[in-house]
Structures are given as C-alpha cells and as structure tokens.
Amino acid sequence: YSFFNDTEETKATIKDYADSNCLKTSGIKSQDCHSHSRTSLQSSHLWEFVRDLLLSPEENCGILEWEDREQGIFRVVKSEALAKMWGQRKKNDRMTYEKLSRALRYYYKTGILERVDRRLVYKFGKNAHGWQEDKL
DNA sequence: CGCTCTTTTCCTGGTT
DNA sequence: TAACCAGGAAAAGAGC
C-alpha cells in the first residue's frame, strides 16, 4: 500500500467517518444528551476526554460503553475510533490505540484509573472525578 | 530559559 | 495471527 496516504486524505476521512458514524446513532436518543456542559470535549487531559466522551452520547458514537456505571467501569468498544478521536483532539494523526493505551496505563500509578483484568476494560480510580452519576 | 507533568513514541516480551 | 496488555526509557509538548 502507499506511504503517502497519512496526511490530508486521512485527515479528511477521520472527521467524515466520525460524523457519519455519529449520525447513525445520534438519532436514537437526542433527549439523552443531558445538559452536561461537557459536549465540547475540550478537556485537556486524556482521562477527562475519555470521561466526557463517556458522558456525551452525542459524540460517543458507541466508541465507549459503560460496563458498570456505579463502579465506573467502562469498555473501549472501538479502539481505533477512540484513538483517531483523541488524535483529532490533539491534532496528531499518528495516534494509535497502542499509544493511547500506554498513556492510560500510566494512570494506574496515579489512581486516576484502576486496573481491570479484562480486555479493553478500564475503571475510574479514586483520583478521577466527574464521572459519577449522582455527583453530576 | 529551565522545570514539572502529561503524553507520545518506541520497544521487548507476554497474553488472549 | 491479530489485537491487546505491561512497563521501561527517552523525548516531545504545554504551561509556568
């Protein structure tokens, strides 16, 4: 395959991909886009970005899914799409899930995330905030 | 400029 | 075999 398709072309398709993907699911529950003022997804940190994505079904597109809402356990359903979105947020079209997950693993050390021994499953730790339903 | 903190990049090796 | 997971190391980038 080509070595040249990693710039403009990719950049263009990422948004289209995300947008069209959102359109498919956003019609489901427009009412569910509760008034969290976090729709922008401008969070500076990765864990906040993930949290806000989890909390906004609008831009989520089924990329992330709660496994246990009360315990803050969630699963990455579309790892590649998540990486692309994070890459968009950071203006880095070379982002991959491999690299994103490395960053997530650093959170275990700081208590932002807790380890869950299941593939693509993570859990918010004691030092993460703003994800709990009753605390919104 | 230098320093800290977070994230990125790369890698070796193990697991599902 | 592909897709993940574990972390060490080093370096980039942002903010102060």
Side-chain angles (χ1 to χ4, degrees):
Chain A
Y1 23 131
S2 90
F3 293 98
F4 320 116
N5 68 348
D6 218 328
T7 48
E8 295 307 317
E9 185 186 331
T10 311
K11 221 174 286 178
T13 39
I14 287 172
K15 192 167 196 319
D16 293 343
Y17 167 76
D19 285 349
S20 63
N21 219 23
C22 276
L23 285 176
K24 288 181 201 159
T25 52
S26 62
I28 300 175
K29 302 261 185 229
S30 302
Q31 45 96 353
D32 234 0
C33 62
H34 8 81
S35 38
H36 301 151
S37 50
R38 288 210 196 83
T39 6
S40 43
L41 254 48
Q42 291 308 301
S43 7
S44 59
H45 293 155
L46 174 58
W47 75 270
E48 295 172 315
F49 176 81
V50 167
R51 173 200 64 190
D52 295 352
L53 203 49
L54 226 21
L55 265 33
S56 11
E58 285 291 84
E59 17 267 323
N60 190 312
C61 312
I63 286 173
L64 295 171
E65 193 175 276
W66 286 110
E67 195 96 319
D68 188 316
R69 190 69 175 79
E70 280 63 45
Q71 292 193 73
I73 301 174
F74 60 93
R75 182 172 69 253
V76 178
V77 181
K78 302 175 183 177
S79 59
E80 197 179 299
L82 177 65
K84 285 183 175 179
M85 269 205 176
W86 176 237
Q88 268 190 49
R89 172 67 184 71
K90 298 288 291 293
K91 303 189 188 309
N92 176 1
D93 46 359
R94 299 168 307 280
M95 183 49 59
T96 64
Y97 179 70
E98 279 290 301
K99 292 186 282 190
L100 186 154
S101 61
R102 179 67 186 94
L104 291 181
R105 288 196 290 277
Y106 271 128
Y107 287 141
Y108 296 147
K109 195 181 300 290
T110 55
I112 296 292
L113 291 180
E114 282 175 27
R115 177 166 278 142
V116 174
D117 106 75
R118 269 187 278 149
R119 265 191 154 193
L120 299 166
V121 178
Y122 299 86
K123 172 179 180 172
F124 287 117
K126 305 188 188 312
N127 292 327
H129 56 266
W131 58 270
Q132 293 159 99
E133 206 157 37
D134 49 3
K135 285 195 173 183
L136 288 177

Short N/O separations, protein against nucleotides 14-16 of chain B, under 3.5 angstrom:
| unit_1 | atom_1 | unit_2 | atom_2 | d |
| --- | --- | --- | --- | --- |
| B/dT16 | O2 | A/Arg119 | NH2 | 3.1 |

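- Closest to the side chain of A/Lys90, from the set C/dC5, B/dT7, C/dG7, is B/dT7.
- Nearest approach of A/Ala103 to A/Leu46, heavy atoms of both residues: CB-CD2, 3.6 Å.
- Using cut-offs of 30° and 60° on the angle between ring planes, the pair A/Phe74 and A/Trp66 is perpendicular.
- Side-chain proximity of A/His45 to B/dT6, C/dA6, B/dT9: nearest is B/dT6.
- Remark: P of C/dA6 and CZ of A/Arg118 are 13 Å apart, rounded to the nearest angstrom.
- The backbone N or O of A/Asp68 lies less than 3.5 Å from no partner atom in the side chain of A/Lys123, so there is not a single donor-acceptor pair.
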Where do A/Arg75 and A/Arg118 land on the side-chain contact (heavy atoms from CB on, under 4.5 Å) test, with the steps shown first?
-> CA-CA 9 Å; A/Arg75 182 172 69 253; A/Arg118 269 187 278 149; 5.6 Å; no
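- Between A/Arg115 and C/dA6 there is a side-chain polar atom (N or O) within less than 4.0 angstrom of OP1 or OP2.
- Counting to the nearest Å, the C1' atom of C/dC5 and the CG atom of A/Leu120 are 10 Å from each other.
- For the pair A/Lys84 and A/Glu80, the salt-bridge criterion is met [side-chain N within less than 4.0 Å of a carboxylate O].
- Between A/Trp47 and A/Tyr107, the shortest heavy-atom contact is N-OH, 3.1 Å.
- Using a 4.0 Å cut-off on heavy atoms, the residues of residues 96-103 of chain A that approach DNA chain B are A/Lys99, A/Arg102, A/Ala103, listed by number.
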Could you walk me through whether A/Phe49 and A/Met85 pass the side-chain contact (heavy atoms from CB on, under 4.5 Å) test, one step at a time?
-> CA-CA 10 Å; A/Phe49 176 81; A/Met85 269 205 176; 4.0 Å; yes
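- At the phosphate of C/dC4, neither OP1 nor OP2 sits under 4.0 Å from any side-chain N or O atom of A/Arg75.
- Considering only side-chain atoms of A/Ser79, the nucleotide from C/dC4, C/dC5, B/dT7 that sits closest is C/dC4.
- Here A/Trp86 reaches the OP1 or OP2 of B/dT8: one of its side-chain N or O atoms lies under 4.0 Å away.
- The side chain of A/Asn92 places no N or O atom within less than 4.0 Å of a non-bridging phosphate oxygen (OP1 or OP2) of C/dG13.
- No contact: A/Phe49 has no heavy atom under 4.0 Å from any strand.
- Scanning all heavy atoms of the two residues, the minimum distance from A/Tyr122 to A/Ser101 falls at OH-CB, 3.8 Å.
- Distances were taken from every side-chain heavy atom of A/Tyr122 (C-beta onward) to each of C/dC5, C/dC4, B/dT6; the shortest belongs to C/dC5.
- Residue A/Leu113 contributes atom CG, which lies 10 Å from atom P of B/dT7 at whole-angstrom precision.
- What you find for A/Asn60 and A/Leu53 is that their closest heavy atoms are ND2-O, 3.1 Å.
- When the side-chain nitrogen and oxygen atoms of A/Tyr106 are compared with OP1 and OP2 of B/dT8, none of them lie within a distance under 4.0 Å.
- Each of A/Lys109 and A/Val121 was assigned the nucleotide of DNA chain C with the nearest heavy atom; the assignment lying further toward the 5' end belongs to A/Val121.
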